[in-house]
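Step one of this worksheet: look at the structure below.
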Amino acid sequence: MELVVRHLREGIIGGTYQPESKLQPKVIAERCGTSFIPVREAFRILESEGFVTVFHNRGAWVSSMSVDDLDDLYSIRTELECEAVRRASSCDERKIDMLLNNLSQAQERHAEGDHAAVVALNREFHFAIYELAGSPRRLKLIDQLWLHSARYQRLSLHYRHDAASDEHGLIVDSLRNGDHFAAAEALRCHLASTVELIRGAVEAASFVGREDRSGVEEAP
């Protein structure tokens, strides 16, 4: 079942399964080399994560995407992540050097157009800070929200704007100075500028993968 969950989650995030498109159990079972039972179980798990919407007797659909959802998602992310920065333990020079090295690598990969590497380094940078808050539960919630954010980020290949490195640098400078409230504010500004960049791509997106769902909304 875990194989099916991973296949669907990655497919939804990557755009293989488009927003509001119906998920076909037979096709998914064939792709994963399994029976229908693991597929149905995977639908339930992904519904609990917010990636899938299941309608009684009508099947499962990929959850929709919208500007309102984008704003709500990043609003929650901002609250959780900024508080994690405020609660983070002090950064020693070794930690600061690690963060700076990450930023240097990210700039190099960005200049080379290596989008996948930039995404991975960006995640590594943020979570290296958030884990200092010492809250596994908060970290798990942030991780789940990042997965949903990836659905929106893929709509804009250039979502990492030119100012991102400077914004990350401000976070590191504040942490080095021991001012975690300033670091949290720098993070808030960074997330705000990121969501503004992505919003344009979301507004322009046309989710052509939608299928006829007449009567679905009235289903119990």
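The structure presented is a predicted model; accordingly, all values stated were derived computationally and were not measured.
The shortest non-hydrogen separation linking His190 to Ala164 is CE1-CB, 4.3 Å. Ser63 approaches Val52 most closely through the heavy-atom pair OG-N, 3.2 Å. Between Ser48 and Ile45, the closest heavy-atom pair is OG-O, 2.5 Å. The heavy-atom pair separating His180 from Ser89 by the smallest distance is CE1-O, 3.4 Å. Nearest approach of Phe43 to Pro25, heavy atoms of both residues: CE1-CG, 4.0 Å. Contact record, Leu139 with Phe127: CD1-CD2, 3.7 Å, taken as the closest heavy-atom pair.
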**Item:** Pair Asp68-Asp72, side chain to side chain contact (heavy atoms under 4.5 Å, CB included): steps then yes or no
**Value:** CA-CA 6 Å; Asp68 286 343; Asp72 188 44; over 6 Å; no
**Item:** Intermediate values then yes/no, side chain to side chain contact (heavy atoms under 4.5 Å, CB included), Glu10 and Arg6
**Value:** CA-CA 6 Å; Glu10 292 176 354; Arg6 186 169 62 251; 3.3 Å; yes
**Request:** Mind running side chain to side chain contact (heavy atoms under 4.5 Å, CB included) on Met65 and Val202 for me, showing each step along the way?
**Result:** CA-CA 8 Å; Met65 296 172 65; Val202 176; 5.6 Å; no
**Request:** Start with the C-alpha gap between Ile129 and Val85, add the side-chain angles, then the distance that decides, and say whether side chain to side chain contact (heavy atoms under 4.5 Å, CB included) holds.
**Result:** CA-CA 7 Å; Ile129 298 172; Val85 173; 4.0 Å; yes
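Side-chain contact between Arg58 and Lys22 is absent, with no heavy atoms from C-beta onward closer than 4.5 Å. Residues Arg154 and Ile13 are not in side-chain contact: their nearest non-hydrogen atoms beyond the backbone lie 4.5 Å or more apart. The shortest distance between side-chain heavy atoms of Leu8 and Phe51 does not fall below 4.5 Å. By the 4.5 Å heavy-atom criterion applied to side chains, Ser149 and Arg77 are counted as neighbours. Looking at heavy atoms from C-beta onward, Phe125 lies in side-chain contact with Leu99 at the 4.5 angstrom threshold. A 4.5 Å side-chain heavy-atom check between Cys32 and Val39 finds every atom pair outside the cut-off. Side-chain contact between Val62 and Glu20: absent, with no pair of heavy atoms (C-beta onward) separated by less than 4.5 Å. The side-chain heavy atoms of Tyr74 and Leu145, taken from C-beta on, include no pair separated by under 4.5 Å.
Using modelled atom types, one side-chain atom of Ser174 and one backbone atom of Leu170 make a donor-acceptor pair closer than 3.5 Å.
For Glu131, the salt bridge (charged side-chain N to carboxylate O under 4.0 Å, His left out) partners at least two apart in sequence or on another chain are Lys95. Not counting sequence neighbours, the partners of Glu83 by the side chain to side chain contact (heavy atoms under 4.5 Å, CB included) test are Arg86, Arg87, Arg138. Taking Arg123 as the reference, Asp143 meet the salt bridge (charged side-chain N to carboxylate O under 4.0 Å, His left out) condition, with sequence neighbours excluded. For the side chain to side chain contact (heavy atoms under 4.5 Å, CB included) test, residues two or more places apart in sequence or in another chain that qualify with Glu203 are Val67, Arg199.
In the hydrophobic cluster analysis, where Ile, Leu, Val, Met, Phe, Trp and Tyr join through side-chain heavy atoms closer than 4.5 angstrom, Leu100 is grouped together with Met98. When hydrophobic clusters are built by joining Ile, Leu, Val, Met, Phe, Trp and Tyr residues whose side-chain heavy atoms come closer than 4.5 Å, directly or via intermediates, Leu70 is grouped together with Ile76. The hydrophobic clustering, which links ILVMFWY residues whose side-chain heavy atoms are closer than 4.5 Å, places Leu121 and Val118 apart. Hydrophobic clustering, with ILVMFWY side chains joined whenever heavy atoms are under 4.5 angstrom apart, groups Ile96 together with Ile171.
Taking NE2 of His110 as the start and CD of Gln105 as the end, the distance is 15.5 Å to the nearest 0.5 Å. For the atom pair CD1 (Ile142) and OG (Ser135), the distance works out to 8.0 Å, reported to the nearest 0.5 Å. Rounding to the nearest 0.5 angstrom, the gap separating the CG atom in Asp69 from the OH atom in Tyr152 is 3.0 Å. To the nearest 0.5 Å, the span separating CD on Glu49 from CD1 on Ile12 amounts to 9.0 Å. Note that the CG atom of Asn122 and the CG atom of Leu103 stand 9.5 Å from one another [nearest 0.5 Å]. Rounded to the nearest 0.5 Å, atoms CG (Leu191) and CG (Leu187) are 4.5 Å apart.
Residue Ile37 places its CD1 atom among 12 or fewer non-hydrogen atoms of other residues, nucleotides or ligands, all under 6.0 Å distant.
His126 and His168 form a side-chain donor-acceptor contact under 3.5 Å, judged by distance and modelled atom types alone.
Under the 4.0 Å criterion applied to side-chain N and carboxylate O atoms, Glu47 and Arg44 are not assigned as salt-bridge partners.
Applying the ring-ring contact (aromatic ring centres under 6.0 Å, His included) test to residues at least two apart or on different chains, the pairs with a partner in residues 6-34 are His7-Tyr17. Among residue pairs with one or both ends in residues 168-185, those qualifying as salt bridge (Lys or Arg N to Asp or Glu O under 4.0 Å) are Glu185-Arg188; sequence neighbours excluded.
Aromatic ring pairs are classed by plane angle as parallel below 30°, tilted from 30° to 60° and perpendicular above 60°; the pair Tyr130 and Trp146 is perpendicular.
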